[in-house]
Amino acid sequence: MSDQQLAGVTALVTGASRGFGRGIATALSGAGARVVGVARDRGALAELRTEIGGSFTAVAADAADPVVAGQLMDTYRPGVLVLNAGATPLPRPIQYHTWQTFSRNWEVDVQHVFHWTREALLAPAAPGSTVITLSSGAALRGSPLSGGYAGAKAAIRWLTGYAAEESARAGLGIRFVSLLPQLTPATGLGAVFAAAYAARQSDGPAGGPAGPGCSPLTADQVGQAVTDLVTGPGPDQDAYLLTAAGLRPLT
Ligand SMILES: NC(=O)c1ccc[n+]([C@@H]2O[C@H](COP(=O)([O-])OP(=O)(O)OC[C@H]3O[C@@H](n4cnc5c(N)ncnc54)[C@H](OP(=O)(O)O)[C@@H]3O)[C@@H](O)[C@H]2O)c1
């Protein structure tokens, strides 16, 4: 792949301040895209701008706010939209959740995917655009210590599939893809759950932590996988499992 395969493309990444989002923003920028990074932590975004340089625009905002989604889609018209922002659930068994803690990932992760996906379909985004959403391996096998997380991530996979169908039906030419990464201790969210499942002496939730001898997924690998999906000829599916071994299409 040429270094500058995404030259002239604007990519917008939610949750770009740390973890996977930071890796995705860095990789897309490395491929030549102008990157708009959205998150609430101004300081972390400013650090990323120092690292990436002038091709990175930091927007400190709540990605789950529908007005933010509308304004930023109108302003930047991204050709690549990566809906990665996600809350870290409280790591505890179901009976210790309240409805508010249980539904947190619905309010943040699902709500933001809903608003931005709607904007992409209605604008509509330009033909040839790609929208990638972050579901989770937990959507396949559950995640018993994180309340409504697995259900929320399954809803994101479904929502992305519905959007792909609407795009095809209307001939919009917008590609919608969901990624289901395996749990990894490499990020703030992942470290909390890798530790919680280790403490519970479980082998973990869906797409669970890499087993003994398997290396865990890194944020750089997630960034590379997203860039490959956007630029590469690879298999064209609506959903992919993502582990340190790479992308695996889900049918
Ligand atoms: N790590 C894993 O093992 C794993 C596995 C499967 C799926 N995932 C999914 O991958 C995505 C990234 O996870 P991660 O592990 O990188 O988590 P992380 O390190 O905790 O980062 C989460 C990112 O989301 C942002 N965010 C949270 N709420 C936001 C809001 N309301 N508006 C804007 N930004 C918001 C955070 O930024 P601010 O706090 O600055 O707003 C941060 O940049 C999530 O959707 C997660 O569910 C992770």
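Order of listing sets the numbers, starting from 1, for every ligand and every atom in it.
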Salt-bridge criterion met for R40 and D62 (N-O under 4.0 Å):
no
If you measure only the distance, is there a donor-acceptor pair under 3.5 Å linking the side chains of D228 and Q224?
yes
Mind checking side chain to side chain donor-acceptor pair (under 3.5 Å) for E51 and listing every partner two or more places apart, or none if nothing turns up?
R22
Taking non-hydrogen atoms within less than 4.0 Å of ligand 1, which protein residues qualify?
G15, A16, S17, R18, G19, F20, A39, R40, D41, A61, D62, A63, N84, A85, G86, T88, V108, D109, L134, S135, S136, Y149, K153, P181, Q182, L183, T184, T187, G188, L189, G190
Closest approach of S135 to L180 (non-hydrogen atoms, all atoms of both residues):
OG-CG, 3.7 Å
What pairs with A154 under side chain to side chain contact (heavy atoms under 4.5 Å, CB included), at least two apart in sequence or on another chain?
A139
Connected to V110, directly or through other members, by ILVMFWY side-chain contacts below 4.5 Å are L12, V36, V38, V59, V68, L72, M73, Y76, L81, L83, W106, V113, F114, W116, L121, V131, I156, L159, L172, I174, F176
